[in-house]
Chemist: 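Here's a structure for you.
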Amino acid sequence: MSPFSKQFEQDGYLVLPNFLNTKTCDFLIKRAYQLIDAFDPAHKSIFNTNNQSHANDLYFLNSGNKIHFFFENSAFNQSDELTTQKHLSINKIGHALHEHDPVFAALNESQPLQQLMGKLGINNPKIMQSMYMCKQPHIGSEVTCHQDSTYLYVHEQPITGFWFALQDADEENGCLWAIPGGHRTPLKSRMIRDQHDQIHFTTYDDTPWDLNKMVPLVAPRGTLVVLHGLLPHMSYENRSDRSRHAYTLHVMSGNHTYATDNWNSVSLSSPIV
Ligand code: FE2
């Protein structure tokens, strides 16, 4: 067993500084701004993990194999107008940048990433989802505590998240927090898309997470944080002057079975490597 996989097995996460160089971080940030600039915000879809209001929004449901843009909850005034510039109002871009944007897709085949997936036992890797998250200054919203397997369920082995800090992520601007070893907790719930394209949650255990056990995963820019699909993790709101841009890939082994009732199963998505 590699030191990487031993640590991952123990904690349920890895924090790997300097995985991306500064130039790559800048390149991805610049590309995200180009995409936002070209986006016509006629459709105001808001991403909110507190009330899951986005979940039955067709713009969200159809984004599994597209590049769609989701606003911060606080980006609008009572007249439903943006209160600040578009590029400072976006919560996230998702969920198939890895498939449809050549700049982001180039990261799929990065040798160090492929090697790391191999060390973690992800054979024949398939990317099931990608997201670019802006965590905007002042209005960046909280992502409540969750397990990624709630949203992206794989039958044989939980999905693995690869979270790239493109800017410094610390306690002031809403870094990740996680419960070390919490991936040994059973899955608490699943988000399911039924045959009528309705989203609902099935709860197996409604005991709240003990947030006192959370530790901050401080990640200077270029750091890669790897997250086990059952690891409870979250990020607080960003009230600082600094954004916290990050890019994530959610990956499974192509030898395993992706649940057909996951939210994005309908539209998925070709193998990438
Ligand atoms: Fe997550």
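Atoms within a ligand are numbered from 1 in the order they appear, just like the ligands themselves.
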Chemist: What I want to check is whether the side chains of Asp241 and His138 have a donor and an acceptor closer together than 3.5 Å.
Modeler: yes
Chemist: Identify every side-chain donor-acceptor pair in residues 153-160 under 3.5 Å, counting partners at least two apart or on other chains, and give the distances.
Modeler:
{"residue": "Glu156", "atom": "OE1", "partner": "Thr257", "partner atom": "N", "Å": "2.7"}
{"residue": "Glu156", "atom": "OE2", "partner": "Thr257", "partner atom": "OG1", "Å": "2.7"}

Chemist: Side chains of Thr203 and Asp206: donor-acceptor distance under 3.5 Å anywhere?
Modeler: no
Chemist: Check for me: within less than 2.8 Å of the Fe ion (ligand 1), which protein N/O/S atoms show up?
Modeler: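 Those protein N, O or S atoms (cut-off: under 2.8 Å from the Fe ion (ligand 1)) are His146 NE2, Asp148 OD1, His233 NE2.
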Chemist: Parallel, tilted or perpendicular, judged at 30° and 60°: which one describes the rings of His95 and Trp263?
Modeler: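 Perpendicular, since the angle between the ring planes exceeds 60°.
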Chemist: If we only count heavy atoms from C-beta on, is the His250 to Ile127 side-chain gap below 4.5 Å?
Modeler: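 Not in contact.
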Chemist: Verify side chain to side chain donor-acceptor pair (under 3.5 Å) between Ser235 and Lys135, making sure each step is shown before the conclusion.
Modeler: CA-CA 10 Å; Ser235 62; Lys135 203 75 152 179; 2.8 Å; yes
